[in-house]
*Asks:* 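After the structure tokens below, expect a handful of questions from me.
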Amino acid sequence: MATLFIADIHLCAQEPAITAGFLRFLQREAPLADALYILGDLFEAWVGDDDPEPLHAEIAAALKNLHQQGVPCYFIHGNRDFLVGKRFARQSGMVLLPEEKVLDLYGHKILILHGDTLCTDDVDYQKFRRRVHNPLLQRLFLALPLKMRLRVAAKLRAGSQQSNSSKSLEIMDVNPQAVSEVMQCNQAEWLIHGHTHRPAIHTLNVNGRPVSRAVLGAWHEQGSMVKVTPAGVELLFFPF
Ligand code: LP5
Ligand code: MN
């Protein structure tokens, strides 16, 4: 009995080793699980489900294969792939979840989310996020020709890299108050998230209760997952 959580795989055609590592994970590790939760940034960037990039079809087929083996897969959007839509969900068999979800797993009350919403000190990012989450703006963007959407995404990525280079590490980490509030509000014992690429398990106190926060690692040089079993919660790393 185990439920797996991953995030920040950042799949793209230019990184075949990451793709190979992810496909191996889906073939070997994931079929043994009760369920797989992908907590955002599965893809490096997503500009619409109609993008004919062959990698997307390959990943959809591999996820569908997992689904057909009886392992449900759930997805929470990240800040890179918040436009993953119903068409890709159908193709991959993934269930799209809202941005926050509370699970009751083997007696543990676990809150899951991508992690970007907790970075409240990053005021510029939160402003940017509100803009690109505007449904009207998203509809207009998705109506643009694919080439133009890819160009906008590349510009946004470059702008983001430039702006990140002048931000401090503290600003780009989660805000402790935001963590406490969201855990308190959801009465969660555990929080599992990604986004910050700072894998760790933190223990903290929320209103006098000891709780924990597991941060998933990004799949740069190796894979990373959180495994929840009746015995507890583990943060694991494995080679591609
Ligand atoms: O992603 P990462 O790790 O580099 O940084 C994130 C935050 N940045 C983002 C931006 C994404 O990388 C862009 C992804 C685009 C993919 C899909 C396109 C769909 C467009 C849909 C439109 C409706 O999320 C970064 C955080 C960091 O995490 C840590 O939390 O700091 O935030 C920013 O960099 C935001 C900036 O502070 C402000 C915005 C700069 C953008 C400038 C763009 C200029 C060019 C515009 C051309 C149209
Ligand atoms: Mn992210």
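In listed order, ligands and their atoms are each counted from 1.
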*Asks:* Can you tell me which portion of Ser160 lies within the under-4.0 Å heavy-atom range of ligand 1? Options are side chain, backbone, both, or neither.
*Replies:*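 Both backbone and side chain of Ser160 come within 4.0 Å of ligand 1.
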
*Asks:* Does the protein place any heavy atom closer than 4.0 Å to atom 44 (C) of ligand 1?
*Replies:* no

*Asks:* Can you list the atoms of ligand 1 that are under 4.0 Å from a heavy atom of Trp46?
*Replies:* 17 (C)

*Asks:* Provide the number and element of each atom of ligand 1 under 4.0 Å from a heavy atom of Arg157.
*Replies:*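 Heavy-atom distances to Arg157 below 4.0 Å select 1 (O), 2 (P), 4 (O), 12 (O), 14 (C).
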
*Asks:* Would you mind finding which of Gly159, Ser166, Ala154 brings a heavy atom closest to atom 41 (C) of ligand 1?
*Replies:* Gly159

*Asks:* Between Arg129 and Glu99, is there a salt bridge with N-O shorter than 4.0 Å?
*Replies:* yes

*Asks:* Name the option, out of Tyr125, Phe82, Phe128, Phe43, that contains the heavy atom nearest to atom 7 (C) of ligand 1.
*Replies:*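 That would be Tyr125.
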
*Asks:* Do any nitrogen or oxygen atoms of Arg80 come within less than 3.5 Å of a nitrogen or oxygen of ligand 1?
*Replies:*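 In this structure, Arg80 places an N or O atom under 3.5 Å from an N or O of ligand 1.
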
*Asks:* Give yes if a backbone or side-chain nitrogen or oxygen of Lys155 is under 3.5 Å from a nitrogen or oxygen of ligand 1, and no if not.
*Replies:* no

*Asks:* Using a cut-off of 6.0 Å, state whether more than 12 heavy atoms not belonging to Gln222 lie near its atom CD.
*Replies:* yes

*Asks:* Report the nearest protein non-hydrogen atom to atom 18 (C) of ligand 1: residue, atom name, distance rounded to 0.1 Å.
*Replies:* Ala153 CB, 4.0 Å

*Asks:* If you draw a 6.0 Å radius around CD in Gln68, do more than 12 non-hydrogen atoms from other residues or ligands fall strictly inside?
*Replies:*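 Atom CD in Gln68 is packed in, count exceeds 12.
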
*Asks:* Which bit of Gln161 is near ligand 1, meaning a heavy atom under 4.0 Å away: side chain, backbone, both or neither?
*Replies:* neither

*Asks:* Taking everything shown except Lys64 itself, do over 12 heavy atoms lie less than 6.0 Å from its NZ?
*Replies:* yes

*Asks:* Name the closest protein heavy atom to atom 36 (C) of ligand 1, giving the residue it belongs to and the distance to 0.1 Å.
*Replies:* Ser163 OG, 3.3 Å

*Asks:* Does one side chain, of Thr3 or Tyr106, offer a donor that lies under 3.5 Å from an acceptor on the other?
*Replies:* yes

*Asks:* Any idea how Tyr37 and Phe5 line up, ring-wise: parallel (<30°), tilted (30 to 60°), or perpendicular (>60°)?
*Replies:* parallel

*Asks:* For Asp122, is at least one N or O under 3.5 Å away from an N or O on ligand 1?
*Replies:* yes

*Asks:* Please list the nearest protein heavy atom to atom 33 (C) of ligand 1 with its residue and the distance rounded to 0.1 Å.
*Replies:* Lys167 NZ, 3.5 Å

*Asks:* Among all protein heavy atoms in this structure, tell me which lies nearest to atom 48 (C) of ligand 1, with the distance rounded to 0.1 Å.
*Replies:*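 In this structure, atom 48 (C) of ligand 1 has Val152 CG1, 4.1 Å as its nearest protein heavy atom.
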
*Asks:* Which heavy atom of the protein is the closest neighbour of atom 46 (C) of ligand 1, given with residue, atom name and distance?
*Replies:*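 For atom 46 (C) of ligand 1, the nearest protein heavy atom is Leu156 CD2, 4.1 Å.
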
*Asks:* Does this structure show an ion pair linking Asp50 with Arg87, if we count only N-O contacts that are shorter than 4.0 Å?
*Replies:* no

*Asks:* Under a plain distance cut-off of 3.5 Å, with no hydrogens placed, do Asp8 and His195 share a side-chain donor-acceptor pair?
*Replies:* no

*Asks:* Does the side chain of Asn65 pick up a donor-acceptor pair with the side chain of Gln69 at under 3.5 Å?
*Replies:* yes

*Asks:* To 10°, measure the OD2(Asp41)-the Mn ion (ligand 2)-OD1(Asn79) angle for me.
*Replies:*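 Seen from the Mn ion (ligand 2), OD2 and OD1 are separated by roughly 90°.
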
*Asks:* I need the nearest protein heavy-atom contact for atom 6 (C) of ligand 1: residue, atom name and distance, please.
*Replies:*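 Answer for atom 6 (C) of ligand 1: Asn79 ND2, 3.4 Å.
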
*Asks:* What distance do Glu15 atom CD and His220 atom NE2 have between them, rounded to the nearest 0.5 Å?
*Replies:*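 Answer rounded to 0.5 Å: 8.5 Å.
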
*Asks:* Going by ring pair (Phe, Tyr, Trp, His ring centres under 6.0 Å), Phe43 matches just one of Phe75, Trp219, Phe88. Which one?
*Replies:*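 The single option meeting the ring pair (Phe, Tyr, Trp, His ring centres under 6.0 Å) with Phe43 is Phe88.
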
*Asks:* To the nearest 10 degrees, calculate the angle at the Mn ion (ligand 2) involving NE2 of His114 and ND1 of His195.
*Replies:* 90°

*Asks:* With a 3.5 Å distance limit and no angle check, can you tell me whether Asp41 reaches the backbone of Asn79 through a side-chain donor-acceptor pair?
*Replies:* yes

*Asks:* Counting only heavy atoms closer than 4.0 Å, does ligand 1 sit against the backbone of His195, its side chain, both, or neither?
*Replies:* side chain

*Asks:* Is ligand 1 under 4.0 Å from a heavy atom in the side chain of Asn164, in the backbone, in both, or in neither?
*Replies:*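 The answer is the side chain.
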
